[in-house]
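Nothing here was measured: the structure is a model prediction, and the numbers come from that model. As a basis for the values below, the full set of heavy atoms in this structure was taken, side chains included, without hydrogen atoms, waters or symmetry mates. FYI, the numbering just counts along the sequence from 1.
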Amino acid sequence: MASATAAAAALGRIASTPNLQAVSSSSTSSPVARLAIGSRSWSASPHRRLRSIASSPLLEVKSRFGLGAASNLFASENDLASAVAAQVGGANNGRGCRGVVSMAKRSVGDLKESDLKGKKVFVRADLNVPLDENQNITDDTRIRAAVPTIKYLISNGAKVILTSHLGRPKGVTPKYSLKPLVPRLTELLGVNVVKADDCIGAEVEKAVASLPNGGVLLLENVRFYKEEEKNDPEFAKKLASIADLYVNDAFGTAHRAHASTEGVTKYLKPAVAGFLLQKELDYLVGAVSNPKKPFAAIVGGSKVSSKIGVIESLLEKVDILLLGGGMIFTFYKAQGLKVGSSLVEDDKIELAKTLMQKAKEKGVSLLLPTDVVIADKFAADANSKVVPASDIPDGWMGLDIGADSIKTFSEALDTTKTVIWNGPMGVFEFDKFAAGTESIAKKLAELSGKGVITIIGGGDSVAAVEKVGVAEKMSHISTGGGASLELLEGKTLPGVLALDEAVPVTV
Ligand SMILES: Nc1ncnc2c1ncn2[C@@H]1O[C@H](COP(=O)(O)OP(=O)(O)O)[C@@H](O)[C@H]1O
Ligand SMILES: O=C(OP(=O)(O)O)[C@H](O)COP(=O)(O)O
């Protein structure tokens, strides 16, 4: 099992690993894990002849390694390749089988000192970390996960221009500035990170011009410009104009076709994958494309409209679907229940009805909490009480799942072999509403110890698991919630698709 520490160590080692391409040389007709993530993204061939990646919308992965094999610690290129296959082995229920894995996207590890020294490298990371009201970072997982790629670049003499979004600002919003990240980045990278007050324009150009080899310049929140999310070509061109080449390591944002994740690749070559992006795909593709069953998904959090659509596809894959967090009130309302002032997306009510019907038809256990913890205001010191889901009074809002629901969810999870979790069960940032999230985190940690594959995705979900102190027990901590769910859906991740193809490796 990968622990957060082991994962960090592994990432560090990947950073010194030159390549992530060939895996093994045997061929056979063993179990195949398939996941459609786009016609150009990934492929593996069981034969010496490589298949045409472009002509196949499917990813095929074969592995000859058992689940318990090399885990996440990579000492050499071959070990790395073996470990990738070992992780994919999880998808084959640990059965020994033979085959190959070949990555079809060019990696930052393919770039050597001669490619990087003195070059300005535009690195898109996902540094969208949770901050408290005093702008303190409450969970730095995403920053730590971005470090190996940046360290690799600086150790090869590149000038790193680091870019990210934070939150969902509408225009320039000081509370979404990336400034609070500078001390932690400086500490983790061991170089003095310089911060620009913008992400384009003359000031940025000046800062780039004075960047030494091995230096790091952090640009201001790229979402301060609405053009970022619109994937505006002129904006992408401006971002690209300050750099020579592009590295995308923002797995958490790979499901967004934005200017800094997709648009810039049209103007910067090479455009390659960072180590984190690779690692996430290696694990997730393997673990969820052919999961050990029963397979459960837990979906919560507050991004209802982003995630409710995913449920339709999840119903095709999972045996059990547990819903919590802000997601549930749209479903309650769809059942004709009163939800007080809880978070609801009225335009998704019809979809919620359809999803409940579809779950029935498919025989999927869709479980909604039967009781909720309600509050008279959205605050840490709100008055609170537990009520049946059918009994939320006007003026009160549901901020956590209740004790009965925790028990039912835990019993359902006891029957599973693979669980993917995205989105907290409640507003865990407030102690009064943290019990649901913390209980589920502990339950998954317990199940991990019994051999269940547990995958946690999403900035806040990971923060919750870290808060409880059980992150190390999980099989995989993913830096992307929405991204990992979309991957599971079989959707193309535009941030991956846009990257350069790897030079095919015959195996
Ligand atoms: N019932 C609820 N009402 C409002 N917000 C909620 C509720 N339950 C959870 N949340 C909030 O959801 C947020 C996380 O949502 P989301 O971004 O979708 O998760 P992730 O970052 O793990 O993908 C947390 O900040 C949490 O406070
Ligand atoms: O936090 C993120 O996604 P997640 O909450 O689904 O893990 C990413 O930074 C993407 O953010 P977005 O959903 O505002 O595009």
Can you measure from [atom1] ([X]) to [atom2] ([Y]) and round to the nearest 0.5 angstrom?
X: M397; Y: S341; atom1: CE; atom2: OG; answer: 4.0 Å
X: I401; Y: I440; atom1: CD1; atom2: CD1; answer: 5.0 Å
X: S155; Y: L189; atom1: OG; atom2: CG; answer: 11.0 Å
X: L166; Y: R223; atom1: CG; atom2: CZ; answer: 9.0 Å
X: H476; Y: S484; atom1: NE2; atom2: OG; answer: 8.0 Å
X: N156; Y: N213; atom1: CG; atom2: CG; answer: 11.0 Å

Listed by chain and number, what are the salt bridge (charged side-chain N to carboxylate O under 4.0 Å, His left out) partners of [X], not counting sequence neighbours?
X: K119; answer: none
X: E429; answer: none
X: K230; answer: none
X: R184; answer: D140, E187

For [Y], does its backbone N or O pair with a side-chain atom of [X] as donor and acceptor, under 3.5 Å?
X: T138; Y: P130; answer: yes
X: K105; Y: L497; answer: yes
X: T454; Y: S448; answer: no
X: T173; Y: K175; answer: no
X: E438; Y: V468; answer: no
X: T186; Y: N192; answer: no
X: E203; Y: D197; answer: yes
X: D376; Y: N383; answer: yes
X: E220; Y: L178; answer: yes
X: D400; Y: V373; answer: no

I need the single residue from R144, K279, E280 that forms a side-chain hydrogen bond (donor to acceptor under 3.5 Å, both in side chains) with T479. Which is it?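 One option only clears the test, and that one is E280.
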
Can K467 and D431 be counted as an ion pair, charged N to O under 4.0 angstrom?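 Counted as a salt bridge, because a side-chain N and a carboxylate O are separated by less than 4.0 Å.
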
Any salt bridge linking K473 with E446? Criterion: basic side-chain nitrogen under 4.0 Å from a carboxylate oxygen.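 Here K473 does not pair with E446 in a salt bridge, since their nearest N and O are not under 4.0 Å apart.
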
Can you pull out every ring-ring contact (aromatic ring centres under 6.0 Å, His included) where at least one residue sits in residues 155-189? Sequence neighbours excluded, please.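 Matches after skipping sequence neighbours: none remain.
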
Once ring-ring contact (aromatic ring centres under 6.0 Å, His included) is applied, what residue pairs with a partner in residues 420-439 remain, sequence neighbours excluded?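 Listed once each, the pairs are F378-F430.
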
Using atom types as modelled, flag every donor-acceptor pair under 3.5 Å from a side chain in residues 247-256 to any protein atom, sequence neighbours excluded.
unit_1, atom_1, unit_2, atom_2, d
N248, OD1, A250, N, 2.9
N248, ND2, G495, O, 3.4
D249, OD1, F275, N, 3.3
D249, OD1, L276, N, 2.8
D249, OD1, L277, N, 2.9
D249, OD2, T149, OG1, 2.8
T253, OG1, D126, OD2, 2.8
H255, ND1, G252, O, 3.4

Against [X], only a single residue in [options] fulfils side-chain contact (heavy atoms from CB on, under 4.5 Å); can you say which?
X: V470; options: L444, I456, V465; value: V465
X: K120; options: L211, L217, V208; value: V208
X: L245; options: V108, L111, L268, V272; value: L111

Might you point out which heavy atoms bring [X] and [Y] nearest each other, and give the distance in Å?
X: T437; Y: G426; answer: OG1-N, 3.2 Å
X: S305; Y: E345; answer: CB-OE1, 3.3 Å
X: L447; Y: L413; answer: CD1-O, 3.4 Å
X: P270; Y: D500; answer: CA-OD2, 3.2 Å
X: I406; Y: S439; answer: CG2-CB, 3.5 Å
X: L127; Y: I143; answer: CD2-CA, 4.1 Å

Give a yes-or-no answer on whether the side chains of T261 and R124 include a donor-acceptor pair shorter than 3.5 Å.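 There is no such pair (donor and acceptor under 3.5 Å, judged by atom type) between the side chains of T261 and R124.
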
Dump the intermediate steps for side-chain contact (heavy atoms from CB on, under 4.5 Å) on L322 and M425, then the final yes or no. CA-CA 10 Å; L322 306 180; M425 295 293 95; over 6 Å; no

With side-chain contact (heavy atoms from CB on, under 4.5 Å) as the criterion, how do D110 and S107 come out once you've worked through the C-alpha distance, each side chain's angles and the decisive distance to 0.1 Å? CA-CA 5 Å; D110 296 338; S107 161; 4.0 Å; yes

Test side chain to side chain donor-acceptor pair (under 3.5 Å) on Y225 and D198; report intermediate values, then the result. CA-CA 10 Å; Y225 288 85; D198 207 333; 2.8 Å; yes

Please list, chain by chain and in numerical order, all residues satisfying side chain to side chain contact (heavy atoms under 4.5 Å, CB included) with [X], sequence neighbours excluded.
X: K206; value: none
X: K307; value: V299, K303, M327, N422, L485
X: S302; value: L343
X: D346; value: K333, V344, I349

Side-chain touch K195/S177, heavy atoms, less than 4.5 angstrom: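 A side-chain contact exists here, since the closest heavy-atom pair is under 4.5 Å.
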
Can you confirm whether K179 is buried at NZ, in the sense that more than 12 heavy atoms of other residues, nucleotides or ligands lie under 6.0 Å from that atom?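 Counting other residues, nucleotides and ligands, NZ of K179 stays at 12 neighbours or fewer.
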
Distance-only donor-acceptor hits, side chain of residues 233-243, under 3.5 Å, sequence neighbours excluded:
unit_1, atom_1, unit_2, atom_2, d
S241, OG, K238, O, 2.7

Could you walk me through whether E228 and C199 satisfy the side-chain contact (heavy atoms from CB on, under 4.5 Å) test, starting with their C-alpha distance in whole Å, then the side-chain angles of each, then the deciding distance to 0.1 Å, before giving a yes or no? CA-CA 11 Å; E228 160 69 357; C199 63; over 6 Å; no

Could you walk me through whether R106 and E501 pass the salt bridge (Lys or Arg N to Asp or Glu O under 4.0 Å) check? CA-CA 5 Å; R106 199 169 173 198; E501 303 283 322; over 6 Å; no

